[in-house]
Structure formats: structure tokens, C-alpha cells
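Inspection log for the structure reproduced underneath, given as C-alpha cells.
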Protein chains: 4
Amino acid sequence: MPASRNEQSRRAILDAAISMIGELGYDHISIEAIARQAGVGKQTIYRWWPSKGAVILEAATESLSAVVALPDTGDFVADIRTQLAAILELITTTGFGPAYRCLIAAGQSDPDLLRALFDRIIAPNIEDFRARTARAQQRGEMRADADWQTMRDLLYGVVEYRLIHAMPLEPEYLDGVLEIVFQGVR
Amino acid sequence: MPASRNEQSRRAILDAAISMIGELGYDHISIEAIARQAGVGKQTIYRWWPSKGAVILEAATESLSAVVALPDTGDFVADIRTQLAAILELITTTGFGPAYRCLIAAGQSDPDLLRALFDRIIAPNIEDFRARTARAQQRGEMRADADWQTMRDLLYGVVEYRLIHAMPLEPEYLDGVLEIVFQGVR
Amino acid sequence: MPASRNEQSRRAILDAAISMIGELGYDHISIEAIARQAGVGKQTIYRWWPSKGAVILEAATESLSAVVALPDTGDFVADIRTQLAAILELITTTGFGPAYRCLIAAGQSDPDLLRALFDRIIAPNIEDFRARTARAQQRGEMRADADWQTMRDLLYGVVEYRLIHAMPLEPEYLDGVLEIVFQGVR
Amino acid sequence: MPASRNEQSRRAILDAAISMIGELGYDHISIEAIARQAGVGKQTIYRWWPSKGAVILEAATESLSAVVALPDTGDFVADIRTQLAAILELITTTGFGPAYRCLIAAGQSDPDLLRALFDRIIAPNIEDFRARTARAQQRGEMRADADWQTMRDLLYGVVEYRLIHAMPLEPEYLDGVLEIVFQGVR
DNA sequence: ATATAAACGAGACGGTACGTCCCGTCTTGTT
DNA sequence: AACAAGACGGGACGTACCGTCTCGTTTATAT
């Protein structure tokens, strides 16, 4: 058997990718530049990731894991507000915002990456939202016939929409969004 | 002795850009390829547009003009439904969908283009929505304190969200969206 | 019509190639290094030459032209001695020696280059030798049935042989060679 | 306690090297490819040979041993003709020709290999030729002052010359060569 | 017969160069 | 002056190998 994967190189590559996205735009970074900055051979990137986008996806996913893990306090709307606020925080204060924008950009000409982005970030969010909804309905917080899928699209879609178009994303903005989306189901 | 701008070349370039976007993804097309397919020198593109994205923006804007012009029938929600349905139609049956996705992608690493996209496509939509809202409020169709800006974000943001993530965009989907967004203001 | 070929770049490339061969061995030089040293884009080399070897062949051919032009003095053996001595001089004092060794090396895995080497360097030499032989035979200096083709092979082959194997190549060595080869035909 | 060298691996490597040289040119084969084809780890090659050329030299030397062993029949020129004919046979019918061309090519940028090639193939031939010459001179077949070193250069150099330049190498060609070289010494 | 250390297959690693594509600028001659 | 054609210096692509470096896993003595 061969020497197995070198964890130090993996970290150096992900760190280099994140740090470069923060400074430069998506297509101003190159695999060559990531390799150079990480002190790594190009092949070591190509060996483990199919594309530049896949590297960034892996880096981005790591930052996101904390947010998904937020607990269920018994107040559905408040929990969603907390989660959305955490996402806004992540977007505006860490490298996650630029990284996510890169993924969106790269995904538009790389179906595999777009699918991976969905599977790794959106699908878990859908599942999380579904489970929270079910519990809220059991508790009687929400009408049983509420169209939770569309509600989720609206809530997370509008955040992505404003991120992508570089429109302001302040926590207060969430108030209006939540009021409109949850008006009919309380 | 001064030749002025050659309209035939302009059309050939826009047509080539649109047709290539339909077939290939965004960054699989190049200015060289557009020039080649249009039978045009590269310089002729660089002379009139600052970037590949600007060419596509000009092509995309042309397709969009028809939709904005939809009349005000006196039923606000119905009018918005009509407009959104027209946008869905445009996205799914013409080259507008792929072109718009390209613009989003290109904009993530080209702030000038992102701004141009906002000014030429989103800002007019905001203005149109504002005017329609005002008239609806005057007619008593909508509460005077409705947060129309957030409502617009939700409506058009969710369409863009599903477009970008290659999720289905069928007309019936609009029903749920409209019901949620307009629940509180009727 | 396009801008035509840039003579300055051509010279810079050939000069860089020759100077690098002098310092380093054949496969220690790369097209990238030639381009770098010549201050030229790689594509400018690939545009005009099919391979590294072809660049060197062109450079080598230039140095050689002077030697072929030696006059016919009326003494065949003396003329050939003069020519061979000039070749030895070229090999030992200019970059021609290393360049020719490179071409031999490259030709062993590039039939096109080997053929080009033959056409541009060996074939002219054969023709030159044939013509000189014919004149010498007319003058009665040489027997009419002399096997001039084999004689030429022996004369120039042995020089190449000693060059290739890095054996000494002093002018006096030619005496013995000429004595053996021309013994029977005087 | 130490495991000693694995003869099976050695054979597999040499066989793979020879078979690949037959099919592809010198620098189209790589150590990786030899290792792959031989079913051997790369390190096993690096452990025992300093370079790709050294592997080929070892392989080539094996094929050559039979030729050197040809006996001394008492007719010097005939013996040399026999030996040269055997070399031609070896070159044209076995993998020795391509292998030797590789060695020449590799040697042009690897002085160590060039030296090894000389020591293992050329030097023994010089010694063999010297001994045969001495015996022929004792027998009165050849003049005592014959310049045997240059004669040898001419005889074997011309064969290598035609091999390297991919010129025909038929047995009849030897007649002309031998006649010229041995004309003055009989 | 057993332990033990070198040799082995496999292949990951930091690199260099490959030959190609495209960038944005430029030059040339044509319309 | 605008145009088509395309050469130019340059940068990045994704691939192939380089020679070095672990990894376990044979395997042939030296006990």
C-alpha cells in the first residue's frame, strides 16, 4: 500500500483557497495560485478534487457546519430567525460569503458542482427545515397544511438573492422577511 | 472616410453570443470563439464592449424589454402573477435563462458588470413594482404600510434562486409563492 | 491581413536556443526556458516551429552555411581537408558542436526532425561532394569508378562518430583519415 | 537477514525496457511506464540503476556479448567482415538497433552514460580490434605501420553513422567500406 | 523454525515542463 | 475610422513524469 493522504497538504490547500477568495474574486484565483500559496504541487489538488469549485465547496462546507447544528428551542419562528441571523453573520464576517458567491458562479457552468452544492448545502437545509416544521406542527405552532417547501425557498432564497447582488444584508432586514413569510401560518 | 459603427457586426456578435450560451456554459465560451462564430475581428468586440459579460448583458436586455411593458389591469396580484409567468416563460423557452445565469456568474467577479446588471434589469423592476404598488394602494387593494420592497425581493428572488440552482420552475409554483407573500396585505 | 512575422522575436528565440545549448545539455533546456530567456510567449515558438529540435536545426543551419561555400581550388583532397578542418573548427569553437549533438539526440525519437536534419545538412553535403568528385574525375585527379558515396560516408561519418562520443577531434586526426580513404583513388 | 536482489524484477524491468524501445522512441518511454509494464515499483528501478539510460545500456549489452566472441580464423579482413555483418544483423533484426540509438541520444545529455557506453561497448571493441590487428601483423597480413585506430573508427563509425541517420544498412554496403579501408594495408 | 531487516508493490508528494487555449493589445492592409 | 485577420507577450489550463518519500507486505538469510 502507498503512503496515504497527507492531511497537512489538505489543510494548506483549503486554507489557501479560503484566504485567496477573501482577497480576490472567483476567477482571479487559479489552481496554480492556490498550489503556489499552499506550497503544494498542482497534482496534489487534481488528485483529490475534480475542480477549483470542489475545493472551495469543501472549504465552505466546513464553515457552515456550526450553523446547521442550532438547537430546537420550542419557538419555531425564533429558531429560524436565529439560524438566518447566524448565516448573515457567517456571510458578512467570515470568508463564507465570498466563497458561496464563487460556488454559485462556478456552478453556472459546472453542473456537477451545482449538484454537489445542492447535495451538501441546500439538501441538508431542506431536511432540517422539514424536521423543524414537523415538530412545530405537532406543537401546534403552525398550521398542518402550511406550504413549508415554498416558505423555505423564500426565506433562504431571498438571503442568497441579496448576497449575490451585493445588496445590504443587515439583521433587521430579517424582521420584514419573517413577518411576511410566517403571517398566515401562526 | 470615417466608417461609423457597423450594425451588421453588432448583430452578428450578439447573435453569436446568445447562440453559444445556449449550447455551452458561461466560461466555456470565449471572446475569441464569439468573434470566430460571428465572423468578426476580436478588436471589434473590444472596441464596443468592456467585457464578455457586457455583450451578454446587452443581448439579454433585449429579450427582457417585452416583459416589463405588461399593463396595469387593476388587479395587482393578477398583474404580478402575469408578469412572473412571463418571466418563467422567457427563462424556460428562450435563451434568456442561460444568459441571465451567465450574468450572475460573471458578476460575482466583476463588480462593474454586477452594477450594470442591477441598473439595467433589477432597478427598473423595482421602480415598476413600486409604481404598481402605489396604484394598488390608492385603489385600496393593498394596505398602505405594506413592506413592498421586501415583498419584491421575495417574489423575484425566489425565481432567481430556483433558476440558479437548476430547480424546476413551473407556473403552478407561482401560486404558492403569491399566496404566502400577499397573504397579509389583501 | 494580420500583422506578419516578427523578425526580432525570431532572432531572440534562435539566439536564446543557441546560447542555452552551449551552457546546458539538450534535455536540460526546455521550450519554456527558451521563451523565458528570449522574452517571448511560448506560443510564438509553437506557432513557427513544430518542436524544440526544429528551432535548434534552424539555428545550426545558419552557422553551417559558411562552410559549405568553400571554393574548388583544383586539388580535391586538399579542398576536402580544408572543408573538414573548417567543420572541426566550427564544432570545437562555436555552439555548432553541442547543437548538432542535440539534433542527433532529438532525431532518435523524432523521425520528422531526423529527416529535416538529413535534408538540410546531409543532403546538401552529399550533393556538394558529388559535384566536387565529378570535377576531380574530369581533371583526372580521381579514378572514374571511385565509390564516392561510401567515401563521403566514411569521411563525415567518422567526424560525427567522434563528436558524438566526445572523443578528441584535432585537425591532425584528419591526416590519417584522408590517407586511408583516398589511398586507392589518387 | 537482508533480502537480496530479486532477479525476477530485474528481468521484468530489462524486458519491459527493451520491448518498449522497440515500439516507441527514446523519450516517449518513461521510468514510470517501464515500472508499470514490468509490474514493479518505481523505487526498484531507482535502487539499482542511476538513470533510464543505464537500464537500456544493461539490456543492450546483453544482446551484444555474442558478437564480440567471434573467433580469429586467420583471415583478418574476412573476420572483420563477419563481425560487422553480425552487428548489422543484430541491429536490423533485434531490438539492439533502437536500443543503441537510444543510448546515443541519452548520452548526448548525460556524460556519465556516454562514458559507460564507451567503457562497456566501444572500449572492448577497440581492444578486440587491436588484438586482431596485432595477430594479423604477426601473420604478415597487414603492414606493421597501419593506423589501426583510425581504421577502426572508420569501420564502426560509418555503421553507427548510417544507423543514427536511419540510412539503409545492407550487408553489401560493407564490401565498399572494407575495400576502401583495407586498400592500402593488404 | 524463527526473527528481522532489506527489498519490494504501490503510490502520494513537491516540482518542472508539456502543448493548448485564451486574454487584451498590437499591427497590417482592406473597405 | 472601422473593420477582418491574426501575431504578439503573457498566464493558466490539465496531464505526464521526475526523483524522493512513506507505507504495509513479502522473503531469504543468520540465528
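Note on naming: letters A, B, ... go to the chains in the order of the sequence lines (proteins, then strands), and numbering restarts at 1 for each one.
Toward the 5′ end of DNA chain E lies the nearest nucleotide of D:R10, the other residue of the pair D:R10 and C:S4 mapping further downstream. Comparing B:P50 and A:R5 by the nucleotide of DNA chain E whose heavy atom lies nearest to each, the residue mapping closer to the 5' end is A:R5.
B:W49 has its CH2 atom 15 Å from the P atom of E:dC23, to the nearest Å. The separation between C:Q8 atom CD and E:dC26 atom P is 16 Å, rounded to whole Å. Rounded to an integer number of Å, the gap from CD of C:Q43 to P of F:dC13 is 17 Å. As a whole-Å value, the separation of C:E7 CD from E:dT27 P is 17 Å. Nucleotide E:dA17 holds its P atom 13 Å from the CD1 atom of C:I45, rounded to whole Å. Taking atom OH of D:Y46 as the reference point, atom P of E:dG11 lies 17 Å away to the nearest angstrom. Atom NZ in B:K52 sits roughly 9 Å away from atom P in E:dG24 (whole-Å rounding). In this structure, C:M20 atom CE and E:dT16 atom C1' are separated by 13 Å, rounded to whole Å.
A distance-only check finds a donor-acceptor pair linking the side chain of D:T61 to the backbone of D:L57 [under 3.5 Å]. Under a 3.5 Å cut-off, the side chain of A:Q108 and the backbone N or O of B:I164 do form a donor-acceptor pair.
Looking only at atom types and distance, the side chain of B:E160 has a donor-acceptor partner in the side chain of A:H165 under 3.5 Å away.
Out of F:dC18, F:dC3, E:dG19, the shortest distance to the side chain of B:N6 is found at F:dC3.
No more than 12 heavy-atom neighbours from other residues, nucleotides or ligands sit within 6.0 angstrom of CD on A:Q8.
Residue C:K42 places no side-chain atom within donor-acceptor reach of the base of F:dG9, judged by atom type and a 3.5 Å distance cut-off alone.
Phosphate proximity of F:dA2 to B:S9: absent, as no side-chain N or O sits under 4.0 Å from OP1 or OP2. Residue C:W48 places none of its side-chain N or O atoms closer than 4.0 Å to OP1 or OP2 of F:dG6. Phosphate contact (OP1/OP2 of E:dA7, side-chain N/O of D:R47, threshold under 4.0 Å): absent. Applying the 4.0 Å criterion to OP1 and OP2 of F:dA2, one finds that B:T44 has every side-chain N and O outside that range.
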Sequence neighbours excluded and cut-off under 3.5 Å, please list the side-chain donor-acceptor pairs for residues 111-120 of chain C, or say none.
none

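For DNA chain E, the neighbouring residues in residues 28-39 of chain C, judged by any heavy atom under 4.0 Å, are C:S30, C:I31, C:E32, C:R36.
Pairs engaging residues 44-60 of chain D under the salt bridge (Lys or Arg N to Asp or Glu O under 4.0 Å) rule: D:R10-D:E58 [sequence neighbours left out].
For the pair C:R11 and C:W48, the cation does not sit on the ring face, since its NZ or CZ is not both under 6.0 Å from the ring centre and inside 45° of the axis.
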